[in-house]
There are 2 protein chains.
Amino acid sequence: MAKRVTINDVAQAAGVSRQTVTRAINDMGEINEQTKQRVLEACQKLGYRPSRFARNLVVRKKTRAMGYLVASFRNPYFTEIAGDLLNAAAERGWHVVIASTETEEEPNALDMLSGQVDVFIGHFMQNDEDLARASGGIPLVMLERPSSLPGMHSVEVDIREGVREAIQALRAKGARRIGMIDSSYSLRASPTYAPSPRRGYFEELVGGESAGMVVVGEESMAGGGRAFAELVATYPDMDAVLAFNDLMAIGAVQASHALGIEVPRQVKICGFDGLTLGEAVHPTLTTVSIDRHALVSGALDIADALAAADFGVLPSMRRTVRPHMLWRESA
Amino acid sequence: MAKRVTINDVAQAAGVSRQTVTRAINDMGEINEQTKQRVLEACQKLGYRPSRFARNLVVRKKTRAMGYLVASFRNPYFTEIAGDLLNAAAERGWHVVIASTETEEEPNALDMLSGQVDVFIGHFMQNDEDLARASGGIPLVMLERPSSLPGMHSVEVDIREGVREAIQALRAKGARRIGMIDSSYSLRASPTYAPSPRRGYFEELVGGESAGMVVVGEESMAGGGRAFAELVATYPDMDAVLAFNDLMAIGAVQASHALGIEVPRQVKICGFDGLTLGEAVHPTLTTVSIDRHALVSGALDIADALAAADFGVLPSMRRTVRPHMLWRESA
DNA sequence: CTGTTAGCGCTTTCAT
DNA sequence: ATGAAAGCGCTAACAG
């Protein structure tokens, strides 16, 4: 690899000093138009690219960058959040460096980016201690999960309230036997399945005869479809299903076609997340919607607060977002 | 805003030299365990964060960063590519800084990132000259669009071949009157609608009586649905539709339910892109699939070549990806 | 084990 | 209008 072309090379080639080169390339005035042209030509000829590090090191206005870890690009929930985050972050003057934790382990991803960013944001799966270790002291904003350690902040979603509202609404529409599809995502972080908080709240709130009607599936459309089939086969009198998320719920709606089950007449299906995608299925998906805009704003508020404190270690900040029912056709 | 805590402050607080601080925080050995602890405590107490710029400036192994401009987070086509790109880029040791051009103008986005990255990748809409100006001399890899200027490279998709294959396949399945749904996306870059290349190839290849059966719609599910309805109303004998992309095609499939049209018996619907999402609709979507993996690999190959040349201005490099039919149920 | 000396590549004084 | 000097904050290469 050829040695990097620096400002000195350009200066030499143009027969001027480095400062003059700076003036030329940064459009600073106080420079003869001819020399400027000469310098610019030299830049062109040598293929000179200023080092972004050297420049940022010396320049006053600090560029703030956040690292966003995307759990999955296969679930539109995360990509919709990514889109909202990017737009909102740009508005507030943040750069966003993104890494996927789909193929990479969280600690690795954090480690890779720890030299590049001032704060991390993401839906993290690892436990607090591992994250603290891997983040290299960079503050973390956790999405949909409470924080405890200092330097770790969070924007939570009141899942319990969402589950409560969904069950209540399903009941109000006549459902008597409500089943649930849970995600096996916990297997990504630990070797054994652990019930999701959503399942926990479901079992706590649904009460009585429905309590045990839970099936676990892979977190995808196909997984949701299989889980739905299993649920229907196991509990023939089931008349409503709450899915872990919209992706799985959409899979369930798809599966209902194959099984000859009419939705919502025979079985009502309710998702969780509020994806636009829920409009792609037939019937369109009724769901517990999470306000992604509020989630992202909350995270950015925290990031701004951290920036104002020069990214020191601050006590945990917390925000909470309340989900709400989004009525469409499937329930 | 408090003055930044530097390595010097820590050194002073711990009563050691900067070098010793470096050893402590970077786990370098050759340091007394006690001093190390003392230094680490000082870091903790002062809330010291090493400057990523200073560090990167001095460290040999250059971190390479690419800026990826995402045209839309509402079309899974782009987010699927983003996911593939992130994974593949991480594997090859690239950082990816992402900006959305959904709300931001392309030149602005380029400008924002031009100090942060070594190469740009994206589905660009602006003309070459404007891009060259806005990119500040940083090389560009254009996706699905030919490059011409030096310093601008491209990974193209053989759209014509895809359209040809689709028409031929539709014909082979008995279609006689084929319509097309085009996207109005060109309106984003210029004030008047311009036919997309896909439309151009369609009209060139479909021949005869079908040639004029094109309707333009907004690039979304809803837009595809409306366009489909218009197409059906205008050409009652139409028996197949090629959509601009899968998002619009899915909208068309959705609309078919509302219109009481049986797919594929009465009308065959074929999308373009090959989204996983095409499995969410009923019937599942037959489509011309673009190999996103190849697209991304091609772009990264070019990026690596540029990196090897230290991001100098190289003559245009080009790759081409061929699409292929993905048979599902809607055609 | 620890400190000193040199820079990395750039921009900012301040002279001239 | 241009140049010389002085750093930005950090680490590599030597000393000791």
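All of these numbers come straight from a predicted model, not from anything done at the bench. By convention in this document, chain letters (A, B, ...) are assigned in the order of the sequence lines, proteins followed by strands, and residues within each chain are numbered from 1.
Of all heavy-atom pairs spanning B:R18 and B:A11, the tightest one is N-CB, 3.8 Å.
Formation of a donor-acceptor pair under 3.5 Å by the B:R64 side chain with backbone atoms of B:R92 is found in this model. Under the 3.5 Å distance criterion, the side-chain polar atoms of B:E106 are left unmatched by any main-chain donor or acceptor of B:T101.
Per the geometry, CD1 belonging to A:I31 stands 9 Å off P belonging to D:dG3, to the nearest Å. A:I25 has its CD1 atom 10 Å from the C1' atom of C:dT11, to the nearest Å.
In this structure, B:H123 and B:F78 have perpendicular ring planes: the angle between them is above 60°, well past the 30° mark.
For D:dG9, the OP1/OP2 oxygens have no side-chain nitrogen or oxygen of B:S51 closer than 4.0 Å. OP1 and OP2 of C:dT4 both lie 4.0 Å or more from every side-chain N or O belonging to B:S17.
Here B:V21 lies out of heavy-atom contact (under 4.0 Å) with every strand. A:T22 comes within contact range of at least one nucleobase, with a heavy-atom separation under 4.0 Å. As judged by a 4.0 angstrom heavy-atom cut-off over every strand, A:L57 is placed among the base-contacting residues.
Checked by distance alone, A:R23 brings a side-chain donor or acceptor within 3.5 Å of a matching partner on the base of D:dG3. For A:R55 and C:dT11, a side-chain-to-base donor-acceptor distance below 3.5 Å is absent, hydrogens and geometry of angles not being considered.
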Passes side chain to side chain contact (heavy atoms under 4.5 Å, CB included), A:H153 versus A:L314? Steps please.
-> CA-CA 9 Å; A:H153 313 90; A:L314 263 43; 4.1 Å; yes

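From one end of the helix from C:dC1-D:dG16 to C:dT16-D:dA1 to the other, with five pairs defining each end axis, the axis direction shifts by 40° (rounded to 10°).
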